[in-house]
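All remarks here apply to the structure that follows.
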Amino acid sequence: MKKIVIDPITRIEGHMRAEVEIDENNIVKEAYVSGQLFRGIEIILKDRDPRDAGLLAGRICGVCTNVHFRAAISAVEDAYGIEDPINSKIIRDLMALALFVQDHVIHFYHLHLLDFVDVTKALEADPKRTSKLGHKYSSHPYANSHAHYEEVKEKLQKFMKAGKLGLFSNGYWGHKAYKLSPEENLLLLSHYLEAMKFQSDISRAIAIFGAKTPHPQTIVVGGVTSVADMLDPQRLNQFIFIIKESKEFIDRAYLPDVKLLTQAYKEDIKAGIGESVGNFLCVGGYKFSKEDQLFEDGVIYGHNFNDIKPFEESKITEEVERAWYKDDQPYYTDLNEDGTLKTDKPDDQYSWIKAPRYDGKTMECGPLARVLVSYQKGNKFIKPFVDEFLSECDLTLMDLCTTGGRNAARAIESAYIGEYLFKFINTLVENIKYYDTQTWGKYDFDALPKNAKGRAFFEVPRGVLSHFVNIEDRKIKNYQVIAPTTWNASPKDSKNQRGPYEEALVGIKLEDPSKPLEVLRVLHSFDPCLACAVHIIDVKGKDLGHYKINASCSI
Ligand code: NI
């Protein structure tokens, strides 16, 4: 048995390390994934005014800023029983959904694509043939002229001639596991460059209602403060314009590109590479009419898609047996002498991330969980998006539970959100038309109870996010966060159950152990955000179910 250490894993948010043990056939037999950075924003939140929780919690991460901001404010509202007006809910949803799309596009092109695309091979591509290829996956392909591909190729050639690949340096170029033709490589790389513009444009859309992004400023307990933006037709039109442009990119570049990649790497998908434990968790949400919402809630056990259980908060627990905590305090145990993580004994600790479990089981959350649960629960809006992708790429639901499938789910979800975002905007415009311009519900802070407990659950780009607040004497006594990456990147637990990342790594085969590209593919497919994942709570492994269940969690 040989151990391979990858530290740091790059092209993710935050600091992560992975160690895998491989046998003589280079097959991964065991995996340890470790969160490498302790942050402790919850400590900063202690003793603060609960109304400030949002601005502080938004600093948990530099990427997922607006979802932590919102979840913190919602947890405080839940504690006090404050309901924000419908226009506030819509504006909060618009900001969150624009972030979904932004995150997914950045993830696919800038964080994950180079695991599948060989930059050096793109130089051999014929621009004319590349343009023809574009039409195979889209009837109206994005920026698909010969001249454009010629230009991209020249840019790459310049990088190469200068003896450096700039942002493409240090890749495992030439690795045998790269399967694309030169033209396929060039086409995808051209969209890698286009997606940079997409990133900045959609940031502008979020900032219209958020005042800035990252770290928007406009959500407050009781509502939102972006009332002038909401009432200015020019600002609304600007938002709509950017979303329309983004939708073009998703429909004509992102979705077709994921179809291309799915076809090219179908063998890996059919072989189940990157399959995790098969338990999926989704809390649902994003209502766009009285009855209709984007995502359904539910839990799937062991890939049993036909038996979706309802989500119950009281089944969430968290434990720290294998994480660096002791007696309610962070407690780091050093590495072995050879520089590897201490993992030999069943109680060795090896990560800053804790192990949340649902019903005692490891759970995967994220786009794949949302797509599976919502589709199987008969959400009629998502159904055509899933059906079209599965039939065009000749895949089953089981095939989606893989590295390639996670990327497919993310693209399906982006196209779906891109379409239905307009429903949210329409409702907002209708409300304004009929003189409902309320964005904030007045409350008297001094008249609120001195002590209160609240929580908020949201689906956010990477999965299920929950914030818990305990208020005593009008100050925050305790604050807890379970972020999507906490679920997915969790270490083993006291029953030695692996976290989803670890489970997905076991069984994969490495072509060349000195270039563990296959490990990166599996890990990147979850879109890790480690800054979000590491957080502290009462260390003993606590049942979070005592927080009152309130059906308004899926606003
Ligand atoms: Ni994050």
Side-chain angles (χ1 to χ4, degrees), residues 8-17 33-45 53-75 92 95-112 199 202-203 206-207 210 212-216 219 281 283 318 351-354 356 363-370 406 410 413-414 456-468 479-490 499-501 523-537:
I9 308 266
T10 54
R11 290 187 184 262
I12 61 164
E13 213 290 323
H15 304 263
M16 183 165 82
R17 171 189 181 113
V33 172
S34 171
Q36 291 280 296
L37 178 75
F38 177 78
R39 287 171 63 90
I41 293 275
E42 294 85 347
I43 297 170
I44 298 171
L45 276 154
L55 286 171
L56 293 164
R59 263 67 185 179
I60 285 172
C61 176
V63 174
C64 318
T65 62
N66 83 38
V67 292
H68 284 296
F69 184 26
R70 181 200 197 164
I73 297 281
S74 297
R92 291 177 183 190
M95 283 161 61
L97 292 170
L99 182 75
F100 268 74
V101 170
Q102 181 188 34
D103 263 7
H104 289 355
V105 169
I106 293 175
H107 169 262
F108 179 69
Y109 289 101
H110 304 141
L111 303 180
H112 198 18
Q199 253 198 64
I202 197 131
S203 291
I206 298 171
K212 67 192 269 289
T213 199
H215 303 298
I219 304 179
L281 176 72
V283 298
E318 229 188 9
S351 178
W352 284 116
I353 303 173
K354 301 187 179 186
M363 284 284 155
E364 176 175 346
C365 60
L368 174 58
R370 284 192 286 266
R406 273 181 208 104
R410 214 171 268 115
E413 177 175 275
S414 299
F457 282 86
F458 286 104
E459 283 296 333
V460 301
R462 292 170 175 81
V464 176
L465 172 66
S466 41
H467 280 220
F468 303 85
Y479 204 91
Q480 308 178 5
V481 175
I482 306 179
T485 304
T486 322
W487 287 99
N488 290 338
S490 70
Y501 286 11
L523 293 174
H524 282 157
S525 75
F526 287 90
D527 193 6
C529 190
L530 271 290
C532 277
V534 176
H535 64 95
I536 62 161
I537 62 161

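This one's a predicted model, so the numbers in the text were calculated from it and none came from an experiment. For ligands, and for the atoms within them, numbers begin at 1 and follow the listed sequence.
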Q: Any chance you could measure Asp527, atom CG, to Ile12, atom CD1, to the nearest 0.5 Å?
A: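 Reported value, rounded in 0.5 Å steps: 9.5 Å.
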Q | Which residues share a ring pair (Phe, Tyr, Trp, His ring centres under 6.0 Å) with His112, sequence neighbours left out | A |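 Ring pair (Phe, Tyr, Trp, His ring centres under 6.0 Å) list for His112, sorted by chain: His107, Phe116, His524.
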**Q.** Residues which pass ring pair (Phe, Tyr, Trp, His ring centres under 6.0 Å) with Phe108, listed by chain and number, not counting sequence neighbours
**A.**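 Partners of Phe108 under the ring pair (Phe, Tyr, Trp, His ring centres under 6.0 Å) test: Tyr254.
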Q. Using 30° and 60° as the class limits, which term best fits the ring planes of His467 and His68: parallel, tilted or perpendicular?
A.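 Plane angle between 30° and 60°, so tilted.
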Q. Hey, which protein N/O/S atoms does the Ni ion (ligand 1) have under 2.8 Å?
A.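 Sorted hits: Cys61 SG, Cys64 SG, Cys529 SG, Cys532 SG.
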Q.
Taking atom NE2 as the centre, does His110 end up with more than 12 heavy-atom neighbours from other residues, nucleotides or ligands that are less than 6.0 angstrom away?
A.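 Counting neighbours around NE2 of His110, more than 12 heavy atoms of other residues, nucleotides or ligands fall under 6.0 Å, so yes.
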Q | By side-chain contact (heavy atoms from CB on, under 4.5 Å) - contacts of Ala531 (at least two apart) | A |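 Checked Ala531 against side-chain contact (heavy atoms from CB on, under 4.5 Å); matches are Glu13, Arg39, Cys61.
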